[in-house]
Amino acid sequence: QVQLVESGGGLVQAGGSLRLSCAASGRTFRDYAMAWFRQAPGKEREFVVGINWSGSSRYYGDSMKGRFTISRDNAKNTVSLQMNSLKPEDTAVYYCAAERAVVGHVTPNWYDYWGQGTQVTVSS
């Protein structure tokens, strides 16, 4: 069982930055690939970025690469998302997710555990 708790969301102006964090409970954090998804009102949940169990491999959704960076600390059971050059279209609820796998998928149905989400709002 893994519990995920996100933090760090908020309101930021376009061009600004935010850092999201996700704290995971449990002693098997390193058994999970981790990812961030987001969901805007009226839209489907969208893959943002993922990281493999060791942190050696990262994979990005369309339009995220170069602006967003994911990292993990297996000693602290945390995964972070650094978001730079934010745009109004990045406004969404951001979710941390865990998939019991070496490398995770980009579709949400594969993921075993989800956080409650944190709101990110980018004003123009």
Side-chain angles (χ1 to χ4, degrees):
Q1 187 79 8
V2 176
Q3 290 185 324
L4 305 173
V5 178
E6 301 100 335
S7 60
L11 174 64
V12 64
Q13 288 189 332
S17 298
L18 275 177
R19 185 176 181 86
L20 306 183
S21 295
C22 174
S25 65
R27 293 175 291 178
T28 59
F29 180 68
R30 64 176 62 247
D31 290 344
Y32 291 83
M34 301 297 297
W36 289 92
F37 287 79
R38 68 185 185 186
Q39 190 165 19
K43 295 188 176 181
E44 294 186 350
R45 194 162 293 192
E46 177 187 22
F47 175 79
V48 176
V49 60
I51 190 167
N52 71 335
W53 73 277
S54 67
S56 63
S57 177
R58 297 167 175 83
Y59 31 102
Y60 294 87
D62 295 341
S63 80
M64 316 303 179
K65 195 170 185 178
R67 298 193 300 125
F68 292 4
T69 303
I70 190 172
S71 60
R72 69 186 293 164
D73 186 335
N74 285 346
K76 296 182 179 179
N77 284 12
T78 59
V79 60
S80 298
L81 177 63
Q82 177 67 41
M83 304 185 292
N84 299 325
S85 302
L86 283 162
K87 307 173 182 179
E89 51 264 42
D90 294 318
T91 295
V93 178
Y94 283 70
Y95 296 91
C96 174
E99 179 185 352
R100 191 175 177 92
V102 173
V103 178
H105 290 79
V106 300
T107 49
N109 54 296
W110 285 94
Y111 284 77
D112 303 296
Y113 301 102
W114 293 85
Q116 81 287 353
T118 186
Q119 177 71 45
V120 171
T121 303
V122 184
S123 62
S124 57

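What's counted below: heavy atoms across the whole structure, side chains too, no hydrogens, waters or symmetry copies. For clarity, every value in this text was computed on a predicted model and none was experimentally measured.
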Only distances under 3.5 Å count here; give the side-chain donor-acceptor pairs of residues 40-47 to other protein atoms, sequence neighbours excluded, each with its distance to 0.1 Å.
residue, atom, partner, partner atom, Å
Arg45, NE, Gln39, OE1, 3.2
Arg45, NH2, Gln39, OE1, 3.2
Glu46, OE1, Arg38, NE, 2.8
Glu46, OE1, Arg38, NH2, 3.4

With Arg100, which residues qualify under salt bridge (charged side-chain N to carboxylate O under 4.0 Å, His left out), at least two apart? Asp31
Donor-acceptor contact below 3.5 Å, side chain Arg58 vs main chain Ser71: no
Residues two or more places apart in sequence or in another chain: which of them pass side chain to side chain contact (heavy atoms under 4.5 Å, CB included) with Glu89? Lys87
Partner set under side chain to side chain contact (heavy atoms under 4.5 Å, CB included) for Val102, not counting sequence neighbours: Trp53
At their closest point, which heavy atom of Tyr111 faces which heavy atom of Ala97, and how far apart are they? CD2-CB, 3.5 Å
Could you tell me whether the side chain of Tyr59 and the main chain of Gly104 form a donor-acceptor pair under 3.5 Å? yes
For atom CD of Gln116, decide whether the heavy atoms of other residues, nucleotides or ligands shown that lie under 6.0 angstrom number more than 12. yes
Residues 5-17 vs salt bridge (charged side-chain N to carboxylate O under 4.0 Å, His left out), sequence neighbours excluded, gives none
Sequence neighbours excluded, which residues qualify as side-chain hydrogen bond (donor to acceptor under 3.5 Å, both in side chains) partners of Ser25? none
Polar side-chain atom of Asn74 near backbone of Arg30 as donor-acceptor pair, under 3.5 Å: no
How would you list all residue pairs meeting salt bridge (charged side-chain N to carboxylate O under 4.0 Å, His left out) that involve residues 110-123, not counting sequence neighbours? none
Partner residues of Arg67 under the salt bridge (charged side-chain N to carboxylate O under 4.0 Å, His left out) criterion, sequence neighbours left out: Asp90
Sequence neighbours excluded, which residues qualify as side-chain hydrogen bond (donor to acceptor under 3.5 Å, both in side chains) partners of Asn109? Thr107
Is Leu11 isolated, or which residues cluster with it under the ILVMFWY side-chain rule of less than 4.5 Å, directly or via members? none
Nearest 0.5 Å, what's the CZ-CG distance between Arg19 and Asn84? 10.0 Å
For Leu18, the rest of its hydrophobic cluster, which grows through side-chain links under 4.5 angstrom: Val2, Leu4, Val12, Leu20, Phe29, Tyr32, Met34, Trp36, Val48, Val49, Ile51, Tyr60, Met64, Phe68, Ile70, Val79, Leu81, Met83, Leu86, Tyr94, Tyr113, Val120, Val122
Any residue meeting side-chain hydrogen bond (donor to acceptor under 3.5 Å, both in side chains) with Ser124, in chain and number order, not counting sequence neighbours: none
